[in-house]
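Report on the following structure.
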Amino acid sequence: MDSIGKISPLKGGWLLLRSIAVISSSVAAIISSMLPLFLYYPISAKELIPLFFLLLFSAFLIHGVLTHILNDYVDHLSGTDIHSPAILSGGSRVIQKGFITIEKMRLVGIWLMITLVFVLLIFILFDFYRLAVLLAVGLWGAVTYSLPPLRLSYRPFTGEWLCTFPSVLFLGLAGAWLTLDNIPDWAFQNAVINALICISWVMVHHIPDIRADKNATPMKQTSVVWCEQKFGSSFIRFPALMYYIFAALCGFWLGLDRLPAALGLLLILCVSVIIIGKMDINDFKQVSAYEKILLLLAMTAAVWLGLFI
């Protein structure tokens, strides 16, 4: 029993991170931004490696820990995580599995927010304005996505556009912004595309939770739930497909200057769209299995865009 008690907090912390999701979104965006700096710019590895690990740590702390603490806390109170099929969706399950109580989860979230606000003030005080902006965007995304009164994840389209998209976008810009005098076009392009791909697979992630989200109090009206209510079950795939199409249109933005990047991106996105088209939306195990493939494709796209600038 003692060994289980010692291991359980570590296992609970690992589950809370939901590392696959963080790696497929935040870490992928960082790699897509940092890889060109290593390959094509006369910047020493001694400068880039500490920055890479700083961004990595920040991504796991804010997107992996804080965001998931707040999201798990609110989704447990509303009831959606309790009724979720919980394959890949439905939160980390640390509350439901007894790794932490709801009250302790609330306290950890409060103290982590206070700590990060204090760090933000230090950045401002010592004129680290770029770091301050990056941290502020991350905090904004984590807090407004889940916590009342905004609770944007419970509103269609606003959660992904006002929280997820800017958080992943700025993380994707961070490497170039903190290293170079001006952010080059390729950095903007990579950051936008990776953010769009991220919210695309997040829409797939919401599909197994439709019933649980509709029965939550208040109802968690994700974009997927909204489309199902407005247009019927045949439109459940629409949000994911829409964002993949937006990402594909960015291929024209890459143009002939980045033709290998554009062609590779379009191929990856075509495969992603085909997968979503073949997906049986009523088979939650299949949806989750296909989502894993989409996560791998998202990471592949990020690395591909980083290789060809």
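No experiment lies behind these values; they were computed from the predicted model shown.
- With hydrogens and angles left out, the side-chain atoms of S92 and H68 include no donor and acceptor closer than 3.5 Å.
- Contact check for T222 versus V225: side-chain heavy atoms found under the 4.5 Å cut-off.
- Ring geometry for W186 against Y41 counts as tilted: the plane angle lies between 30° and 60°, on a 0 to 90° scale.
- Here OH of Y73 is found 5.5 Å from CZ of R106. Values are rounded to the nearest 0.5 Å.
- With ring centers used as reference points, F157 lies 6.0 Å or more from W161.
- Classified by interplanar angle (parallel below 30°, tilted 30° to 60°, perpendicular above 60°), the ring pair F170/W177 is perpendicular.
- Legend: residues meeting side chain to side chain donor-acceptor pair (under 3.5 Å) with W304, ordered by chain and number and at least two apart, are absent.
- Of the possible donor and acceptor atoms, none in the side chain of T67 sits under 3.5 Å from a partner among the backbone N and O of G64.
- Closest heavy-atom contact between V94 and L16: CG1-N, 3.9 Å.
- Remark: the T179 side chain and the E47 side chain contain no N/O donor-acceptor pair separated by less than 3.5 Å.
- In this structure the side chain of L112 reaches within 4.5 angstrom of the side chain of L61, judged on heavy atoms.
- Residues M279 and I276 are in side-chain contact: their nearest non-hydrogen atoms beyond the backbone lie under 4.5 Å apart.
- Side-chain contact check for T80 and D213: at least one donor-acceptor pair (N or O, by modelled atom type) lies under 3.5 Å.
- Tested against Q221 for a side-chain contact (heavy atoms from CB on, under 4.5 Å), the candidates R155, Q229, K214 yield a single pass: Q229.
- Side-chain atoms of F38 and I49, non-hydrogen and from C-beta on, do get closer than 4.5 Å to each other.
- Atom CG of L180 is separated from atom CG of L37 by 5.5 Å, given to the nearest 0.5 angstrom.
- For C163 against T144, the heavy-atom pair with the smallest separation is SG-OG1, 3.1 Å.
- Side-chain contact, Y129 with D127: a donor N or O sits under 3.5 Å from an acceptor N or O.
- When the side chain to side chain contact (heavy atoms under 4.5 Å, CB included) test is applied to V27, the partners found at least two apart in sequence or on another chain are V22, I23, I31, L56, F60.
- A donor-acceptor contact closer than 3.5 angstrom is absent between the side chains of S146 and Y154.
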Would you give me the side-chain donor-acceptor pairs under 3.5 Å for residues 190-209, sequence neighbours excluded?
residue	atom	partner	partner atom	Å
N190	OD1	R258	NH1	3.0
N190	OD1	R258	NH2	3.0
N190	ND2	S32	O	3.2
N190	ND2	S32	OG	3.4
N190	ND2	L305	O	3.3
N194	ND2	S32	OG	3.0
N194	ND2	N190	O	2.9
S200	OG	L196	O	2.8
S200	OG	Y244	N	3.2
H205	ND1	E291	OE1	3.4
H205	ND1	E291	OE2	2.8
D209	OD1	S84	OG	2.5
D209	OD1	S89	OG	3.1
D209	OD2	S89	OG	3.3
D209	OD2	G90	N	3.2

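- Taking 4.5 Å as the limit, every side-chain heavy atom of I281 sits out of range of all side-chain heavy atoms of I210.
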